[in-house]
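Notes to accompany the following structure.
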Amino acid sequence: MHALIVVAHHDKQSLTHALAQQVAKGLASAGHTSEIADLIAEGFDPVFSKADHAVHHGLATPPPDVRAEQTRIDRADTLVLVYPVYWWSMPALLKGWVDRVFSNGWAFGYNADGSTRKLLRGMKVHLLAVAGADTGLFQRHGYSEAMRVQIEHGMFDYCGAQVLSSTLLTDSETQDPKAHLRTALAVGEQLFAEVSPSTTIRPTASNAPYATRTA
C-alpha cells in the first residue's frame, strides 16, 4: 500500500518534518511505501487565482500544478496531512493546497438541482497536527471540536473522503518531542491496519521538558 504524506512547514528541522519522517518510517517498517509532499520545498502556490475560480465554475480544467497534485493523490491508497496548528487550524499554505486541489469536478460536483456530488468516496485520510498549546486549552475553549467540524467534516466529508484517524499532539513547545515522535511512528505502523472512521481529534501530551519553537 502507498501513502502520500503532505507537509506544510518552512523549517526542515522542525518537529513537523520530523513527525512526517517518522510516519514514513513506520509505514516502511510495516511493508508499505510513501511519498512526502513538502509544499514549501516544492514551491506550491496556495493562492486561489482567477484560473482556479474558472475551474470552480466549470469553465476551465485545473492548472498543471493542481492536476499534478490530484494525480499523486489518485495514485495513493491514503492521504496523510502533517501540520502545525496555527490559530486553531491548519497553516494557510495547507489550506490553500486544499482550496486549489480539491476542486469542482475532481473532489465534488454539482447536480442540476443544486445538490452536491461527493466524488472522493473511497479516499482515506489521516490527520496529524502538532500544537504548542496544552490539551486543557483545546478542551476548555472547544478548539478540538471546532477543528473537527471545520477540517474533518467541512473539508473531507463534504467530498466523501473518510478521516480514519485524527491525532493532535499538544505541548510541543514545552515538552520532550520523543513521545510525539513515537506516536507518529505508531501512526505510520498502523496506518493500513483495520480501523474504524474517526470523528474525534485526540489530544496527547509529552511529560518531559522541551524548549524549542520549531513545531
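Side-chain atoms are counted along with the backbone in the values below, which use heavy atoms only and exclude waters and symmetry mates.
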Hey, are Gln22 and Thr183 close enough side-chain-wise for a donor-acceptor pair under 3.5 Å? no

Just by distance, no angles: are the side chains of Ser89 and Gln150 close enough, under 3.5 Å, to form a donor-acceptor pair? yes

With a 4.0 Å cut-off, would you call Arg75 and Glu35 a salt bridge? yes

Please determine if Glu42 and Arg72 form a salt bridge, counting it only when a charged side-chain N lies under 4.0 Å from a carboxylate O. yes

Only one of Tyr158, Phe156, Phe48 forms a ring pair (Phe, Tyr, Trp, His ring centres under 6.0 Å) with Phe102, so which one is it? Phe156

Identify each donor-acceptor pair in which a side-chain atom of residues 118-125 lies under 3.5 Å from a protein atom, sequence neighbours left out, and give them as a table.
{"unit_1": "Lys118", "atom_1": "NZ", "unit_2": "Asp157", "atom_2": "O", "d": "3.0"}
{"unit_1": "Lys118", "atom_1": "NZ", "unit_2": "Asp157", "atom_2": "OD2", "d": "3.4"}
{"unit_1": "Lys124", "atom_1": "NZ", "unit_2": "Gln162", "atom_2": "OE1", "d": "2.6"}

Could you pull out all residues at least two apart from Tyr110 that satisfy ring-ring contact (aromatic ring centres under 6.0 Å, His included)? Phe108

Residue list, ring-ring contact (aromatic ring centres under 6.0 Å, His included) with His141, at least two apart or on another chain: Tyr143

Only pairs at least two apart or in different chains count here, so list each salt bridge (Lys or Arg N to Asp or Glu O under 4.0 Å) that has a residue in residues 96-116. Asp52-Arg100, Asp65-Arg100, Lys95-Asp99

What's the shortest heavy-atom distance between Ala184 and Leu128, and which atoms? CB-CD2, 4.0 Å

Shortest non-hydrogen contact between Ala3 and Leu191, atoms and distance: CB-CD2, 4.0 Å

Sole candidate of Val7, Leu181, Ile5, Thr167 that passes side-chain contact (heavy atoms from CB on, under 4.5 Å) when paired with Leu19: Leu181

Partner set under side chain to side chain contact (heavy atoms under 4.5 Å, CB included) for Pro46, not counting sequence neighbours: Leu93

Mind checking side-chain hydrogen bond (donor to acceptor under 3.5 Å, both in side chains) for His56 and listing every partner two or more places apart, or none if nothing turns up? none

Treating Ile, Leu, Val, Met, Phe, Trp and Tyr as nodes and any side-chain heavy-atom pair under 4.5 angstrom as an edge, say whether Leu27 and Leu185 lie in one connected cluster. no

In the structure I gave you, are the side-chain heavy atoms of Asp77 and Phe192 within less than 4.5 Å of one another anywhere? yes

